[in-house]
Every structure is written in structure tokens, then in C-alpha cells.
Amino acid sequence: MVEDRTFLGPLELTGGHWGVGDATRPNTHWVEFRPDGLYQHEPDSEGQLIPWSRIMNGIGISWGKHSWNTNSRGMYTLRGRVATRNGGWMHTTLRHPYEDHQLRFDQHARPYRAVDALRLESLLRQLTTEGKLHLLGDPEWVGRAAAYLAGGKNRWITGRALRQVTAEALAAAGPRQPLTATIDAVGGQQAARPPPRTGHRPTPSIAGRRAIWAGGGGSTGFLQPLAKCQVGALVARA
């Protein structure tokens with residue numbers, strides 16, 4: 001069982017719900033992972049649900065007050081932390097109808113490590129590529145994946161390293177366990193119970209697409225070839 005206030009960059013478990021952004025303060029923007037999709041919480045609004053089936057491209061994260069501020073220069077400090085304190089945005093393209101879309105979140109009081117933010121972004125991208133975004137609606141699954149990705153070292157973060165650790169995290173988290181119908185021994189009623197654990201560790205699936213989110217909103221597209229990943233003054237080739 002994952003405890004509240006467990007986090008991976010801006011992703012945090014609060015009140016049994018995983019979300020990106022600070023959900024503990026009133027009147028804040030944050031994005032909740034629900035079984036049926038991403039839910040945008042915002043002040044003075046009932047919010048908005050984005051079903052998993054509408055999300056087409058890998059979800060990218062940018063930092064700053066405005067959604068169009070996707071320039072990666074100066075995004076991280078020399079100590080490997082997110083530089084801005086003005087919040088952030090999740091970018092993707094939706095279908096039915098087709099449109100570019102941004103979801104806003106406010107930052108926590110704690111600083112974010114660059115490696116945690118980049119690993120979260122890589123997880124979102126890989127789940128989209130494999131058609132498994134719905135796994136984010138399972139709090140236990142997200143807890144296992146986040147626990148594996150947390151605690152990485154802030155050094156020479158390359159696209160290859162991000163893809164590798166993301167594949168390992170997907171394997172460690174395992175598939176979402178479906179509920180199976182069993183007969184209650186006392187009442188004779190059907191009850192939904194998870195199947196027994198077999199100890200099988202699935203083989204990670206690594207997408208063949210050599211691309212990484214490089215920011216960008218509007219009509220500029222979302223997946224761009226990886227050239228470099230900047231963490232402060234450290235620049236590494238993928």
C-alpha cells in the first residue's frame with residue numbers, strides 16, 4: 001500500500017488519488033489521474049475530464065506561467081532542479097475532435113528534481129506509445145511505477161537512459177490485475193477478487209520509435225527527434 005505524499009517530481013499521491021500538481025492547497029490547478037482519464041481541477045470551475053481514448057501523442061511537460069513557454073533553455077538549475085516556481089503544463093494532442101490541448105498545474109512548495117520530472121515525462125510518453133495510458137487510473141499500479149522511478153541520480157540524463165529506466169519501471173509495476181469473479185464460500189454470491197500472484201515478471205516492451213518529447217504547443221507538433229537533454233549546464237547526447 002502506497003502512503004500519501006509519495007511523489008515523483010510534480011506527481012504526488014494525496015488522499016488516495018494520484019495527480020500532477022499541488023492538490024493540498026485550495027484554489028490551485030492540478031491534474032488528477034482517474035480510471036476514466038485525466039481530470040483538470042481548477043479554481044471557480046467544475047473541471048474537465050479528458051478520456052484516455054482521446055489522447056493521441058505522448059504527454060509532454062513544460063514549465064512556466066504560460067503554456068506557450070516551451071523553450072528548454074534555463075529550465076533546470078546547475079544543481080539539477082526545476083528552475084521556475086510559476087507552475088507547469090501538460091501538453092498533448094486529442095482526437096475526436098482533433099486539437100492541441102494543455103492542462104495546467106501549480107507547483108508544490110518543495111523543489112522538483114530534474115531527473116524525477118524527466119522520468120515522469122518519459123513514463124507518460126511510453127504509456128501513450130504502448131497504448132497503456134489507462135494504467136494511470138490504477139493507484140496501486142502508479143505507486144509501483146513511481147516507486148521504481150524515484151531516487152534517480154541527477155547526472156548526464158540521456159534519452160537512452162530515460163527509455164531504459166522507463167521500460168524497467170513498466171516491467172517492475174507489472175500488468176494491471178483484472179478482477180475475477182469467484183463464488184463466496186459462505187453466501188454463495190459472486191465477488192470480485194484479484195487473481196493470485198504467480199511471481200511472473202513480464203518482459204519489458206521497448207518501443208522502436210527513437211523520439212522524445214522536446215516541448216512545443218500549438219500546431220508545431222509534439223514528438224521531435226532527440227538531440228540533447230539539458231540539465232543545467234550538463235548536455236548529453238542520447
Side-chain angles (χ1 to χ4, degrees), residues 4-15 17-33 38-50 55 57-94 99-125 128 136 142 146 149-150 152 154 157 162 212-224 227-235:
D4 269 10
R5 307 313 299 273
T6 301
F7 58 85
L8 176 69
L11 176 67
E12 183 174 272
L13 180 66
T14 305
H17 301 277
W18 284 97
V20 176
D22 191 354
T24 62
R25 293 182 290 123
N27 300 319
T28 59
H29 298 82
W30 64 287
V31 182
E32 181 183 354
F33 292 173
L38 296 175
Y39 191 84
Q40 171 75 77
H41 292 266
E42 51 191 351
D44 303 322
S45 171
E46 295 182 356
Q48 180 184 16
L49 176 68
I50 305 297
I55 299 174
N57 291 344
I59 301 170
I61 297 175
S62 69
W63 303 96
K65 184 177 181 180
H66 304 292
S67 62
W68 60 82
N69 183 21
T70 57
N71 188 353
S72 62
R73 185 178 299 276
M75 186 180 295
Y76 305 110
T77 69
L78 292 175
R79 295 186 177 182
R81 299 187 183 277
V82 174
T84 181
R85 300 297 302 161
N86 295 322
W89 300 82
M90 299 170 66
H91 303 257
T92 189
T93 299
L94 306 179
E99 58 179 330
D100 295 334
H101 192 75
Q102 299 83 35
L103 299 107
R104 182 179 177 182
F105 62 90
D106 292 317
Q107 292 174 242
H108 300 81
R110 57 180 171 81
Y112 299 148
R113 301 170 68 235
V115 64
D116 291 338
L118 291 168
R119 285 185 172 189
L120 170 61
E121 189 177 34
S122 180
L123 175 66
L124 298 175
R125 180 174 58 254
T128 306
L136 297 176
V142 177
L149 292 171
N154 254 333
I157 305 169
L162 288 172
I212 189 171
W213 174 263
S219 60
T220 58
F222 289 84
L223 286 176
Q224 302 176 9
K228 59 186 177 180
C229 184
Q230 179 190 9
V231 181
L234 301 180
V235 179

Decide yes or no on side chain to side chain contact (heavy atoms under 4.5 Å, CB included) for Thr84 and Gln107, but give the supporting numbers first.
CA-CA 9 Å; Thr84 181; Gln107 292 174 242; 3.9 Å; yes

Please report the shortest heavy-atom distance between Ser62 and Ser67, naming the atom on each side.
OG-O, 4.2 Å

Measure the spacing between OG1 of Thr128 and CD1 of Ile55 and express it to the nearest 0.5 Å.
6.5 Å

With sequence neighbours left out, write down each residue that passes ring pair (Phe, Tyr, Trp, His ring centres under 6.0 Å) with His29, or none if nothing qualifies.
none

Between Glu121 and Leu124, is there a side-chain heavy-atom distance shorter than 4.5 Å?
no

Using modelled atom types only, decide if a donor and an acceptor are shared between the side chain of Arg85 and the backbone of Ala109 within a distance under 3.5 Å.
yes

Looking only at atom types and distance, does a side-chain atom of Ser45 sit under 3.5 Å from a main-chain N or O of Glu42, one as donor and one as acceptor?
no

Under a 3.5 Å distance rule, please check whether Arg125 uses its side chain to pair with a backbone N or O of Leu120 as donor and acceptor.
no

Verify, without hydrogens or angle tests, whether Asn154 (side chain) and Val115 (backbone) share a donor-acceptor contact under 3.5 angstrom.
yes

Hey, could you give me the CG/CG distance between Leu8 and Asp116, rounded to the nearest 0.5 Å?
5.0 Å

Go through it in stages, so that I can follow the logic: the residues are His101 and Gln40, the test is side chain to side chain contact (heavy atoms under 4.5 Å, CB included), and I'd like the CA-CA distance, side-chain angles, deciding distance and then a yes or no.
CA-CA 12 Å; His101 192 75; Gln40 171 75 77; over 6 Å; no

Straight-line distance of Arg113 CZ to Leu118 CG, nearest 0.5 Å
11.0 Å

Applying salt bridge (charged side-chain N to carboxylate O under 4.0 Å, His left out), name anything that partners Arg104, two or more places apart in sequence or on another chain.
none

Does the Trp18 side chain pair with the main chain of Leu11, one donor and one acceptor, at a distance under 3.5 Å?
no

Heavy-atom side-chain proximity of Thr92 to Ile50 below 4.5 angstrom
no

Measuring only between side-chain heavy atoms, which start at C-beta, is Arg119 closer than 4.5 Å to Leu162?
yes

Measuring from Met75:CE to Trp63:CH2, what's the distance to the nearest 0.5 Å?
8.5 Å

Measure centre to centre between the rings of Trp30 and Tyr39, then say whether the value is under 6.0 Å.
no

Report the relative orientation of the aromatic rings in Tyr112 and His108; use parallel for angles under 30°, tilted for 30 to 60°, perpendicular for over 60°.
perpendicular

Under the side chain to side chain contact (heavy atoms under 4.5 Å, CB included) rule, what do Leu49 and Leu38 come out as? Steps first, then yes or no, please.
CA-CA 6 Å; Leu49 176 68; Leu38 296 175; over 6 Å; no

Does the side chain of Ile157 reach to within under 4.5 Å of the side chain of Tyr76, using non-hydrogen atoms?
no

Are the side chain of Thr28 and the backbone of Ala23 linked by a donor-acceptor contact shorter than 3.5 Å?
no

